[in-house]
Amino acid sequence: MPADTNPEGDIFGGWLLAQMDLAGATPAFDLAHGRCATVAVDAMVFHQPVSVGDEVSLYATVVRVGRTSVRVKVEAWKRPRTGQDVTRVTEGVFTYVAIDADRKPRPLPV
């Protein structure tokens with residue numbers, strides 16, 4: 001939406017980062033069987049801008065499972081409204097920690 005853009009008409013990186021965090025949380029929550037918290041974002045790289053009207057697709061892949069944490073690589077791809085060519089626009093690795101009702105780290109289920 002236009003409210004999510006800078007003066008040049010490109011989507012704010014923070015908006016895209018938030019969408020990627022949501023996408024990465026899905027497999028983390030599945031593995032944790034419950035609540036997780038985002039604790040880190042590593043290796044974030046913006047390759048191309050995203051413009052208003054572009055279709056954005058997000059893909060999340062688990063890259064590591066620890067005792068309490070899950071690392072997920074998330075890629076964002078865009079397709080212009082008037083074309084079929086897709087381009088990777090950004091990628092990053094998100095770390096989620098499983099947490100209990102007191103928001104303390106808890107072991108992942110076996």
Side-chain angles (χ1 to χ4, degrees):
M1 298 300 295
D4 298 316
T5 66
N6 61 27
E8 288 75 36
D10 298 328
I11 299 297
F12 285 127
W15 179 89
L16 189 54
L17 180 67
Q19 303 309 305
M20 293 172 72
D21 188 16
L22 290 169
T26 299
F29 287 17
D30 287 346
L31 282 170
H33 296 269
R35 192 169 182 180
C36 291
T38 307
V39 297
V41 180
D42 301 326
M44 195 72 190
V45 178
F46 290 93
H47 302 290
Q48 297 283 323
V50 176
S51 300
V52 171
D54 288 349
E55 175 185 280
V56 176
S57 298
L58 302 166
Y59 302 94
T61 305
V62 173
V63 294
R64 183 181 173 278
V65 177
R67 190 178 75 77
T68 63
S69 65
V70 179
R71 288 175 54 88
V72 181
K73 180 177 181 182
V74 182
E75 293 183 348
W77 292 71
K78 73 175 180 179
R79 182 181 65 83
R81 180 189 305 229
T82 58
Q84 294 301 314
D85 293 334
V86 295
T87 306
R88 184 175 61 183
V89 294
T90 187
E91 60 187 299
V93 178
F94 292 70
T95 302
Y96 303 88
V97 170
I99 57 175
D100 62 19
D102 295 322
R103 297 184 177 164
K104 302 291 185 206
R106 64 174 170 83
L108 294 169
V110 183

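Heads up: numbering here begins at 1 and tracks the sequence. This structure is a prediction, so every number in the text was calculated from the model and none was measured.
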Work out which heavy atom in [X] is nearest to a heavy atom in [Y]; give both atom names and the distance.
| X | Y | answer |
| --- | --- | --- |
| Ala60 | Ala23 | CB-O, 3.7 Å |
| Gly66 | Leu108 | O-CD1, 3.3 Å |
| Arg81 | Gly53 | NH2-CA, 3.2 Å |

Between Arg88 and Gln48, is any pair of side-chain heavy atoms under 4.5 Å apart?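 Contact flag for Arg88/Gln48 side chains = no.
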Indicate, with yes or no, if [Y] and [X] share a hydrophobic cluster defined by side-chain heavy-atom contacts under 4.5 Å among Ile, Leu, Val, Met, Phe, Trp and Tyr.
| X | Y | answer |
| --- | --- | --- |
| Val41 | Phe46 | yes |
| Val93 | Phe29 | no |
| Leu16 | Met44 | yes |
| Val65 | Val74 | yes |
| Val72 | Leu58 | yes |

If you count heavy atoms of other groups shown closer than 6.0 angstrom to CG of Asp42, is the number above 12? yes
Got a second to check how far [X]'s [atom1] is from [Y]'s [atom2], nearest 0.5 Å?
| X | Y | atom1 | atom2 | value |
| --- | --- | --- | --- | --- |
| Lys78 | Ser51 | NZ | OG | 5.5 Å |
| Met20 | Glu91 | CE | CD | 8.0 Å |
| Asp85 | Arg79 | CG | CZ | 10.0 Å |
| Trp15 | Asp10 | CH2 | CG | 13.0 Å |

Okay, side chain of [X], backbone of [Y]: is any donor-acceptor separation there less than 3.5 Å?
| X | Y | answer |
| --- | --- | --- |
| Thr68 | Pro107 | no |
| Asn6 | Gly9 | yes |
| Tyr96 | Asp21 | yes |

Side chain to side chain donor-acceptor pair (under 3.5 Å): pairs with one or both residues in residues 100-110, sequence neighbours excluded: none
Residue pair Val89, Asp54: steps toward the side-chain contact (heavy atoms from CB on, under 4.5 Å) verdict: CA-CA 11 Å; Val89 294; Asp54 288 349; over 6 Å; no
I'd like to know whether Ile99 forms a side-chain contact (heavy atoms from CB on, under 4.5 Å) with Cys36, so could you lay out the CA-CA distance, the side-chain angles of the two residues, the decisive distance to 0.1 Å, and finally the verdict. CA-CA 5 Å; Ile99 57 175; Cys36 291; 5.7 Å; no
Given side-chain contact (heavy atoms from CB on, under 4.5 Å), test Gln19 with Val56 step by step and report yes or no. CA-CA 10 Å; Gln19 303 309 305; Val56 176; over 6 Å; no
